[in-house]
Amino acid sequence: MVWTGTWVSDRLGIELAGDDELRGLLGLALRRNPKRAHLLVSGVLGKHVPQLPSVVHGHGVTLGRRVRALLGPEEAARAVVLGYAETATALGHAVADGLETAPYLHSTRRPVASVPSAGGFEESHSHATSHLLLPEDPAFFDRGGEASRGPLVLVDDEFSTGNTVLNTLRDLHARHPRDHYVIVALVDMRAPGDAGRLAAFAEETGARVDVVAHARGTVRLPEDVLARGLRLVEEQDGRAADPLVPCAPAAAPVRLELGWPAGLPDGGRHGFTPDHRARLREALPAMAARIVDGLGGPEQAGRVLVLGFEELMYAPLVLARALEEAGLDVRFSTTTRSPVLAVDDPGYAIRTRLAFPAHDDPADGPGERYAYNVAGGGFDTVLAVVDSAADTPALHAPGGLLAQLATAAPRVALAVVPAHTPVPRTPDRQEPPVLPAPLRGPDFSSYEPDDVGWLLQDLSAVRLEAPVEEREEAVQRGGAHYAESLPVEYQPTEEYQELYRDALAGSAARIARAVGTVTELVLAERSPRPVLVSLARAGTPVGVLMRRWARHRHGTELPHYAVSIVRGRGIDANALRWLAAHHDPADVVFVDGWTGKGAITRELADALAGFPGFDPEIAVLADPGSCVRTYGTREDFLIPSACLNSTVSGLISRTVLRDDLVGPHDYHGAKFYRELSGSDVSRDFVAAVEDRFDEVADAVDQQVKEAASADRAPTWEGWAAVERISEEQGIHDVNLVKPGVGETTRVLLRRVPWKILARRGAGADLAHIRLLAEQRGVPVEERDDLPYTCVGLIHPRYTRGATGADGKAVGSA
């Protein structure tokens with residue numbers, strides 16, 4: 001075989017001298033970097049050259065075992081491992097795997113405001129020089145106590161001049177001095193003079209410094225190599241560089257759910273402990289099985305490349321290793337920041353290059369990123385694995401990474417690992433239990449698994465239903481809260497179901513227009529990579545539709561979760577904790593179906609006071625109460641999902657909060673009504689609205705343009721109207737006044753209604769209201785002065801004696 005350094009060596013006179021293994025481990029390429037002409041390209045690192053995951057992981061584990069033998073069991077048990085971003089993050093992980101008992105941290109170029117730096121250093125020859133050390137545990141480097149710190153193991157892919165390692169040693173020794181350091185690299189390429197500088201550091205500090213490497217040698221460089229290298233790069237740039245192998249147009253990327261364990265860090269950016277390692281190993285077979293199933297099995301998957309993302313190397317690597325063990329033909333590599341010349345020659349290490357914009361909003365600003373040796377690699381499937389911070393519109397945009405991968409392989413898939421949000425530890429802080437992953441269909445809800453993750457606990461086995469009259473009496477007497485039980489699910493008559501179908505057919509386009517408008521406003525004004533969090537359950541169909549709009553219009557897959565909020569009790573704090581651990585709170589956008597008088601809007605603002613970083617403003621489909629700035633419309637019209645209960649909301653009940661069922665570290669609860677699947681229209685509702693997206697696209701664009709220049713400040717006129725109606729009707733309790741079509745429907749389905757106020761002349765939007773009112777014997781009063789289409793009034797002095805024997809309402813006493 002031709003050595004992959006031949007092309008560079010022949011033209012620039014660069015030579016490798018040393019162990020026989022060197023040429024098997026390294027090739028050569030030319031950097032697009034004025035600081036250094038050449039790049040040593042490892043064939044076993046899994047960065048620039050796709051390689052068997054077992055080979056990549058095995059080289060690191062072997063080095064770790066050699067370090068363990070060097071240290072002995074007792075010292076190995078006290079060691080900590082530090083790897084270098086971005087190239088050696090997975091290698092450092094694998095070394096820690098070989099040591100078995102050592103916690104691991106790698107440097108990062110992604111700052112986190114809440115985590116103080118435990119150190120930093122410069123990589124002088126790099127294109128991105130600054131490294132940060134951001135352990136979640138401030139005592140990471142003091143394992144065993146300041147008086148008895150164990151060995152520090154530093155891992156890099158190559159040990160060349162030694163400058164980066166010396167910068168690190170000096171910084172950390174000043175902060176956390178210790179007696180023993182071990183430098184680990186795939187190759188030790190130091191010149192004799194560089195080796196002397198490390199010995200000088202050891203003599204100066206009195207610390208022992210060892211070096212462990214697979215192979216040793218040196219790079220012999222001509223004196224004018226930098227200038228000649230730059231000229232050669234310019235010459236090649238003038239030719240047909242970056243060759244691509246044409247592929248047939250690919251389908252949209254397949255999104256695969258990993259089932260990543262809740263609370264498990266995505267890697268060593270903020271620390272990765274032996275317990276984390278054990279949890280990941282336990283979870284890998286199931287995650288690999290989900291990937292294989294999602295790809296249609298080994299034969300349909302074909303030859304697979306698992307492509308990691310910059311610093312996120314280890315999670316994709318071990319996933320690829322698990323796929324390899326499951327029998328797939330799989331290789332592993334990652335994207336990179338390093339700008340390298342591509343030359344399609346068998347004697348050159350970088351044959352092809354895909355370039356694309358950064359998609360993780362990097363702290364050092366936008367820039368170009370690369371995937372090498374992917375095109376032309378003969379891959380049938382490329383599985384891109386990124387963290388949730390990098391799952392942005394830029395990832396999915398034309399010209400983005402996924403689009404570029406589609407030019408290189410017939411099939412592209414995407415898996416997203418939750419980005420770990422560190423919570424700095426203090427001596428008196430006790431860690432709460434790890435929260436479970438969101439529930440998803442078909443195990444919980446009838447929605448597609450990607451449509452929504454429910455941050456709830458499943459209470460399907462618990463009997464919670466009570467007659468409406470019993471619940472109302474208990475609530476109004478103060479003996480119970482409405483969230484402590486569930487109403488018996490309303491089973492609509494055929495006449496009522498026909499009204500629902502007519503309402504959906506007549507309003508689907510109007511709903512689609514509102515969905516498009518609110519989604520575009522969220523993308524433009526709230527976050528370019530929003531995390532939709534719907535307020536279960538009225539907000540959940542809206543969140544599903546917003547997610548579908550973003551995918552349909554922009555090719556963007558937005559994360560969507562559903563959480564519980566309870567009037568008078570607040571939002572589910574554990575759900576917020578899970579969200580903060582897996583996403584940037586600044587990207588979270590809370591979603592609801594509509595506003596009435598704005599009670600939930602105020603409830604959310606109060607509940608989030610103790611959770612910094614979350615924006616309390618809700619995005620809603622309809623805002624007739626003028627309570628929010630982000631909305632699809634302020635019309636009070638019928639949203640057909642309000643006509644039904646669980647059968648249009650994924651077969652999920654309203655949420656439950658009861659002390660004997662929900663502990664301090666539990667999510668709020670809900671039930672999955674599997675037995676109602678024959679009546680379920682949840683997916684049909686979403687499909688009917690989604691079918692109108694193209695039809696309303698121009699109207700959405702115009703509406704968003706108008707909204708951008710309009711005064712959308714909340715006036716809270718709905719709240720004022722409710723207060724006025726409460727006094728006029730002698731109710732004197734705004735909680736018993738439910739304004740708007742959606743809230744009025746809820747009154748008729750779940751509470752004991754007293755009367756309905758309807759705007760005179762309101763037509764089809766009230767057909768189902770009038771039918772429900774007739775069925776329950778509730779009077780409907782026509783009014784000319786309502787700011788809403790209708791208002792539902794709950795019986796103000798309810799006891800079971802205030803209804804007739806048939807359960808229909810009678811006059812107020």
Side-chain angles (χ1 to χ4, degrees), residues 438-441 444-447 451-456 483 511-512 514-519 521-522 526 530-550 558-567 569-572 575-576 579 588-605 607-608 614-625 627-633 637-657 667-668 670 682 685-686 689 738 740-743 745-746 749-750:
L439 301 172
R440 294 184 182 274
F444 188 84
S445 94
S446 60
Y447 287 122
D451 275 337
V452 58
W454 303 83
L455 291 170
L456 298 169
I511 296 168
V515 167
T517 300
V518 70
T519 308
L521 289 174
V522 165
R526 300 288 293 275
V531 177
L532 304 178
V533 178
S534 58
L535 304 180
R537 75 189 158 179
T540 303
V542 179
V544 171
L545 284 167
M546 291 175 67
R547 186 181 182 280
R548 295 285 186 95
W549 177 275
L558 300 183
H560 174 215
Y561 306 97
V563 303
S564 170
I565 187 170
V566 177
R567 180 173 53 80
R569 301 281 184 91
I571 198 166
D572 188 337
L576 290 181
L579 289 167
V588 169
V589 177
F590 292 97
V591 173
D592 208 355
W594 55 83
T595 62
K597 55 182 174 286
I600 290 297
T601 306
R602 297 186 178 195
E603 186 85 41
L604 181 62
L608 292 177
F614 289 99
D615 186 342
E617 184 181 352
I618 305 176
V620 298
L621 200 62
D623 180 36
C627 305
V628 298
R629 289 190 72 259
T630 308
Y631 53 84
T633 179
F637 71 97
L638 172 61
I639 301 171
S641 59
C643 293
L644 302 172
N645 284 321
S646 67
T647 53
V648 78
S649 303
L651 296 181
I652 301 302
S653 73
R654 66 168 306 145
T655 59
V656 174
L657 180 58
Y667 298 133
H668 294 186
S682 303
F685 172 74
V686 171
V689 177
K738 303 295 184 180
V741 178
E743 292 301 303
T745 305
R746 286 178 167 185
L749 292 178
R750 303 180 195 167

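Only this structure's heavy atoms are used, side chains among them; waters, hydrogens and symmetry mates stay out.
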Do side-chain atoms of [X] reach the backbone of [Y] as a donor and acceptor pair under 3.5 angstrom?
| X | Y | result |
| --- | --- | --- |
| R526 | E617 | yes |
| D451 | V544 | no |
| S682 | T647 | yes |

Starting at [atom1] of [X], measure out to [atom2] of [Y] and round the result to the nearest 0.5 Å.
| X | Y | atom1 | atom2 | value |
| --- | --- | --- | --- | --- |
| L545 | H560 | CG | NE2 | 9.5 Å |
| L439 | Y667 | CG | OH | 8.5 Å |
| S646 | R654 | OG | CZ | 12.5 Å |
| T655 | I565 | OG1 | CD1 | 9.5 Å |
| L521 | T630 | CG | OG1 | 6.5 Å |
| L604 | D615 | CG | CG | 9.0 Å |

I'd like to check [X] versus [Y] (side-chain heavy atoms, cut-off strictly below 4.5 Å). Are they in contact?
| X | Y | result |
| --- | --- | --- |
| V542 | D592 | no |
| F590 | V533 | yes |
| V689 | F685 | yes |
| I652 | Y447 | no |

Task: Partners meeting side chain to side chain donor-acceptor pair (under 3.5 Å) with R547 (sequence neighbours left out) - done: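 Partners of R547 by the side chain to side chain donor-acceptor pair (under 3.5 Å) criterion, ordered by chain and then number, come out as E557.
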Task: With S446 via side chain to side chain donor-acceptor pair (under 3.5 Å) - residues at least two apart - done: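 S446 satisfies side chain to side chain donor-acceptor pair (under 3.5 Å) with D680 once adjacent residues are dropped.
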- [ ] Please test L576 against V588 for side chain to side chain contact (heavy atoms under 4.5 Å, CB included), starting from the C-alpha separation and ending with a verdict.
- [x] CA-CA 10 Å; L576 290 181; V588 169; over 6 Å; no
Quick one: closest heavy-atom pair of [X] and [Y], and the distance?
| X | Y | answer |
| --- | --- | --- |
| T745 | V741 | OG1-O, 2.7 Å |
| P530 | P559 | O-CD, 3.7 Å |
| H668 | I571 | CE1-C, 4.3 Å |
| W454 | A562 | CE3-CB, 3.6 Å |
| Y561 | L455 | CB-CD1, 4.2 Å |
| A550 | L558 | CB-CD1, 3.6 Å |

Task: Note: D623-R629 ion pair, threshold 4.0 Å (strictly below) - done: no
- [ ] Test T517 against T633 for side chain to side chain contact (heavy atoms under 4.5 Å, CB included), laying out the working first.
- [x] CA-CA 8 Å; T517 300; T633 179; over 6 Å; no
Open item on the list: side chain to side chain contact (heavy atoms under 4.5 Å, CB included) for V620 and V591? Distances and angles first, verdict last.
Closed with: CA-CA 6 Å; V620 298; V591 173; over 6 Å; no
